[in-house]
Novice: 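Below is the structure I would like to discuss, written out as structure tokens.
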Number of protein chains: 2
Amino acid sequence: MNYDEAKMKFVSTWGSLGTLWGINKAMAQIQALLFISTKPLSMEDVMEDLKISRGNTSMNLRQLMDWGIVTKEIIPGERKEYFTTEKNVQELARIIAKERSRREIQPVIKVLKEVSSITDDGTEKTRELIKQTKALHDLTETADDMIHKMATQKQNWITKSVLKFMK
Amino acid sequence: MNYDEAKMKFVSTWGSLGTLWGINKAMAQIQALLFISTKPLSMEDVMEDLKISRGNTSMNLRQLMDWGIVTKEIIPGERKEYFTTEKNVQELARIIAKERSRREIQPVIKVLKEVSSITDDGTEKTRELIKQTKALHDLTETADDMIHKMATQKQNWITKSVLKFMK
DNA sequence: ATAAACTTTCAATAATTATTGAAAGTTTAA
DNA sequence: TTAAACTTTCAATAATTATTGAAAGTTTAT
């Protein structure tokens, strides 16, 4: 496997994994491309390399910036805008975890709390609803807590602490 | 908010969260419905309650069984098949984590390993590709490890150990 | 102020994914 | 063995989501 094959394989695999962390294919591929690039890339570069349209590139780069994963780079003397992604994987994981919590987990926690707080009319079905949504609420909240703790952990949480913790 | 409103709210919220754990809306809604039901439900029951077709119900119930989240229940004297879901949230989380690892994370780890093992021709771009895919490989593997450790943890890992661990 | 260089927007279209429903398949009871 | 009760399959269709491309918008240099 040569460089170009390996690059393609990486970009497309990472792209299809996008769903796992809740972003679309093009977005994930752009990020992947930037991730292994040795220098900032212009919109032109990205379009050419991934063979996607200007509009698509523009929109997805914007989304990546909204996520805080990609930043614009100003190159002196250049008119075009250039882009780079966070290169540190730990930091990348941190940002993604935090954003997903904010965008998806928090709203669910809110609903679970609401639902589990309905008044108990004493019927079996109501009791079950309350009981089970409470359990989910607790689980979700604890998992989310965990994500946040990870996310604010300054140093290297994953490589250092996890195996030890897991006994 | 009365029982029916609460139930609907729960089912649809949980359904739309489906994507977060990688399953589709109908599948997640069926699971949600079973999760708060006090007794096993037939296909008929599910169809009626969620207003989805017989075919859809059948297919999604099957998928849930493939995941190991839902099981058939034989009710003596009844011709229909009845279904229940795992009611323990910890166990549910365990199963889902394990399945997602197997279905999605493992294949990616494999590709990352392949890509990060290409021969280093000394060029900067090849070095960057190797370096970054290696870093991702390590991160993904460690995260996956964590998931597995959680998944095989017999007792209550999340509520007991996490906060302490996270210092 | 003008125009070239570049980016964004968004309606149209394409691609993907989910859903239906009816025919085919299976199981059970008699 | 037959037929009723039930489930599965799958081609057709609907719904959703991603992508394009060209017009509109912005910025910069002169």
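Below, chains carry the letters A, B, ... as their sequence lines are ordered, and counting in each starts from 1.
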Novice: How long is the line joining CD1 of A/Ile52 and P of C/dA15, in whole Å?
Specialist: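 Going from A/Ile52 (CD1) to C/dA15 (P), I get 15 Å.
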
Novice: Rounded to the Å, how far apart are A/Ile75 CD1 and C/dC6 C1'?
Specialist: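 Answer to the nearest Å: 15 Å.
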
Novice: Can you list every pair that meets salt bridge (Lys or Arg N to Asp or Glu O under 4.0 Å) and has a residue in residues 8-25 of chain B, with sequence neighbours left out?
Specialist: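 Every salt bridge (Lys or Arg N to Asp or Glu O under 4.0 Å) pair that includes a residue of residues 8-25 of chain B, provided the two are not neighbours, is A/Glu114-B/Lys9.
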
Novice: How long is the line joining NZ of A/Lys51 and P of D/dT20, in whole Å?
Specialist: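 The distance from NZ of A/Lys51 to P of D/dT20 comes to 12 Å, rounded to the nearest Å.
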
Novice: Please report, rounded to the nearest Å, how far the P atom of D/dT19 is from the CG atom of A/Asn60.
Specialist: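 Going from A/Asn60 (CG) to D/dT19 (P), I get 7 Å.
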
Novice: Can you work out whether A/Ile23 or A/Arg79 has the more 5'-proximal nearest nucleotide on DNA chain D?
Specialist: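 It is A/Ile23, whose closest nucleotide lies nearer the 5' terminus.
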
Novice: Watson-Crick or G-U wobble partner for C/dA22, using a 3.5 Å limit on both distances?
Specialist: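 Matched C/dA22 with D/dT9 under the 3.5 Å cut-off.
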
Novice: If you assign B/Lys25 and A/Thr57 each to the DNA chain D nucleotide with the nearest heavy atom, which residue ends up on the more 5' nucleotide?
Specialist: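 Looking at DNA chain D, the more 5' nearest nucleotide goes with B/Lys25.
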
Novice: Who is the Watson-Crick or G-U wobble partner of C/dT2, with both distances under 3.5 Å?
Specialist: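 C/dT2 is paired, partner D/dA29.
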
Novice: Checking contacts here: which listed nucleotide (D/dT7, D/dT19, C/dT7) is nearest the side-chain heavy atoms of A/Ala26?
Specialist: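 Output: D/dT19.
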
Novice: In whole angstroms, how far is the C1' atom of D/dT19 from the CD1 atom of A/Ile30?
Specialist: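 From A/Ile30 CD1 to D/dT19 C1': 12 Å.
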
Novice: What verdict does the salt bridge (charged side-chain N to carboxylate O under 4.0 Å, His left out) test give for A/Arg127 and A/Glu124, after you've listed the backbone C-alpha separation in whole Å, the side-chain angles of each residue and the deciding distance to 0.1 Å?
Specialist: CA-CA 5 Å; A/Arg127 292 223 158 132; A/Glu124 195 189 0; over 6 Å; no

Novice: Rounded to whole Å, please give me the gap between CD in B/Glu44 and P in D/dT8.
Specialist: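 Going from CD in B/Glu44 over to P in D/dT8 covers 13 Å.
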
Novice: Rounded to the nearest Å, what distance is computed from the CE atom of residue A/Met47 to the P atom of nucleotide C/dT8?
Specialist: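 Rounded to the whole Å, the gap is 13 Å.
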
Novice: Side chain of B/Asn56 only, please: which of D/dC6, C/dT20, D/dT8 is the nearest?
Specialist: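 Between D/dC6, C/dT20, D/dT8, the one nearest the side chain of B/Asn56 would be C/dT20.
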
Novice: Let me spell it out: for each of A/Arg54 and B/Met27, pick the nucleotide of DNA chain C with the closest heavy atom. Which residue's pick is nearer the 5' end?
Specialist: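 Closer to the 5' end of DNA chain C: A/Arg54.
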
Novice: Which part of the nucleic acid, if any, lies within contact of A/Asn24, taking any heavy atom under 4.0 Å across all strands shown: a base, the sugar-phosphate backbone alone, or nothing?
Specialist: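 Since only primed, P, OP1 and OP2 atoms lie under 4.0 Å of A/Asn24, the category is sugar-phosphate.
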
Novice: How many Å lie between NZ on A/Lys80 and C1' on C/dT8, as a whole number?
Specialist: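 For the pair A/Lys80 NZ and C/dT8 C1', the rounded distance is 17 Å.
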
Novice: Nearest to the B/Ser53 side chain among C/dT7, C/dG21, D/dT19, which nucleotide is it?
Specialist: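 My answer, after comparing the listed nucleotides, is C/dG21.
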
Novice: Between B/Lys7 and A/Glu128, is the closest basic N to carboxylate O distance under 4.0 Å?
Specialist: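 No, no charged N to carboxylate O under 4.0 Å.
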
Novice: Answer yes or no: does a side-chain N or O of A/Ser58 lie under 4.0 Å from OP1 or OP2 of C/dT8?
Specialist: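 For C/dT8, OP1/OP2 do have a side-chain N/O of A/Ser58 under 4.0 Å.
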
Novice: I'd like to know if A/Arg54 pairs up with A/Glu44 as an ion pair, taking the criterion as any Lys NZ or Arg NE/NH1/NH2 lying under 4.0 Å from an Asp or Glu carboxylate oxygen.
Specialist: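 A salt bridge links A/Arg54 with A/Glu44.
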
Novice: Using a 4.0 Å heavy-atom cut-off across all strands, classify B/Glu81 as base, sugar-phosphate, or nothing.
Specialist: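 Touches sugar-phosphate only.
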
Novice: Can you measure from CH2 (A/Trp67) to CG (A/Leu92) and round to the nearest 0.5 angstrom?
Specialist: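 Here the interatomic distance stands at 10.5 Å.
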
Novice: Checking contacts here: which listed nucleotide (D/dT20, D/dT7, C/dT8) is nearest the side-chain heavy atoms of A/Lys72?
Specialist: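 For the A/Lys72 side chain, the nearest candidate turns out to be C/dT8.
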
